[in-house]
Amino acid sequence: MKRETQPSSPFPHARQGFALPAALFLLVVLGGLSAWLMRMTQTGLAQDALEIEGERAYQAAQAGLEAGLYAASVGHTCGSRTVTFTGQLSRFTASVSCTTHTFDEGGDTIRLYEITSVACNQPGSGSCPNAAPSLVEYSERQLQAVIEE
């Protein structure tokens, strides 16, 4: 009985060592993908933090504006004031300014109060806006209202 044999390959060790380069390639590709995903996650988190700081600045500016509106409408006073906060807004300061404009309209005196509130999370010299902020997450919002007396 004759036994059949496989033809011999001219390169008997051609398939040896294939797994190591494939594994290294996969590790490099997956490592690069992981680094890219981590960077994208960090960027997204930083954007979210800036968005939250911007929303807090808006809320602080709104509160400052309401304080100015209250002083003008109830107390009939128009002046500058600084509003500080506690809690989630403790990093913020609102600088409120008020300007009075008086007009004569058909013999009637009309008084307008122009109120501006600027809030920021790093006040310069105790008030906002800060011309040279050093915080990377510096956030500032300005709101304005005019009421008639």
Side-chain angles (χ1 to χ4, degrees), residues 1-101 111-149:
M1 238 179 158
K2 206 175 192 193
R3 197 170 190 194
E4 288 187 31
T5 60
Q6 297 283 349
S8 64
S9 170
F11 306 106
H13 303 292
R15 290 189 176 177
Q16 290 182 354
F18 173 76
L20 181 62
L24 286 175
F25 175 76
L26 282 174
L27 284 174
V28 169
V29 169
L30 291 177
L33 182 62
S34 297
W36 178 76
L37 285 173
M38 186 173 295
R39 181 71 178 148
M40 293 302 292
T41 301
Q42 287 175 340
T43 302
L45 290 174
Q47 288 174 343
D48 290 345
L50 283 174
E51 186 176 333
I52 290 170
E53 285 296 291
E55 184 61 32
R56 287 179 178 159
Y58 175 80
Q59 294 299 326
Q62 181 69 35
L65 184 65
E66 289 176 8
L69 289 169
Y70 180 81
S73 63
V74 174
H76 304 289
T77 59
C78 188
S80 297
R81 64 181 42 88
T82 300
V83 181
T84 56
F85 301 95
T86 60
Q88 293 293 324
L89 297 179
S90 62
R91 293 180 57 183
F92 289 88
T93 299
S95 299
V96 183
S97 61
C98 181
T99 307
T100 304
H101 304 281
R111 182 174 289 132
L112 297 178
Y113 294 107
E114 182 180 353
I115 302 158
T116 303
S117 174
V118 181
C120 64
N121 59 353
Q122 185 187 15
S125 301
S127 65
C128 295
N130 187 344
S134 62
L135 286 176
V136 175
E137 66 273 1
Y138 177 75
S139 186
E140 171 187 309
R141 295 293 183 270
Q142 177 177 337
L143 296 176
Q144 197 169 28
V146 177
I147 60 171
E148 177 183 345
E149 178 185 61

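All residue numbers in this chain count up from 1 along the given sequence.
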Is there side-chain contact between [X] and [Y], with at least one heavy-atom pair below 4.5 Å?
| X | Y | answer |
| --- | --- | --- |
| Ile147 | Leu112 | no |
| Tyr113 | His76 | yes |
| Pro129 | Cys120 | no |
| Trp36 | Arg39 | no |
| Asn121 | Leu135 | yes |

Legend entry - Distance-only polar pair, side chains of Thr99 and Glu114, donor-acceptor under 3.5 Å: no

Legend entry - Within 6.0 Å of CD in Glu51, more than 12 heavy atoms from elsewhere: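 No.
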
Inset, instruction - Return yes when atom CZ of Phe85 has more than 12 non-hydrogen atoms of other residues, nucleotides or ligands closer than 6.0 Å, and no otherwise. - result: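 Atom CZ in Phe85 is crowded, with more than 12 foreign heavy atoms closer than 6.0 Å.
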
Can you tell me how far apart [atom1] ([X]) and [atom2] ([Y]) are? Round to the nearest 0.5 Å.
| X | Y | atom1 | atom2 | value |
| --- | --- | --- | --- | --- |
| Gln144 | Gln142 | CD | CD | 6.0 Å |
| Ser73 | Glu148 | OG | CD | 13.0 Å |
| Thr43 | Asp48 | OG1 | CG | 11.0 Å |
| Ser95 | Arg81 | OG | CZ | 11.5 Å |
| Leu50 | Glu53 | CG | CD | 8.0 Å |

If you look at every heavy atom in [X] and [Y], which pair is closest and at what distance?
| X | Y | answer |
| --- | --- | --- |
| Ala94 | Ala60 | CB-O, 3.7 Å |
| Gly64 | Val96 | O-CG2, 3.3 Å |
| Asn130 | Tyr138 | N-OH, 3.1 Å |
| Ile115 | Ala72 | CD1-CB, 4.0 Å |
| Phe92 | Ser139 | CE2-O, 4.3 Å |
| Gly54 | Arg141 | CA-NH2, 3.4 Å |

Inset, instruction - For a side-chain contact (heavy atoms from CB on, under 4.5 Å) with Arg91, tell me which candidate from Glu137, Gln122, Arg56 qualifies. - result: Glu137

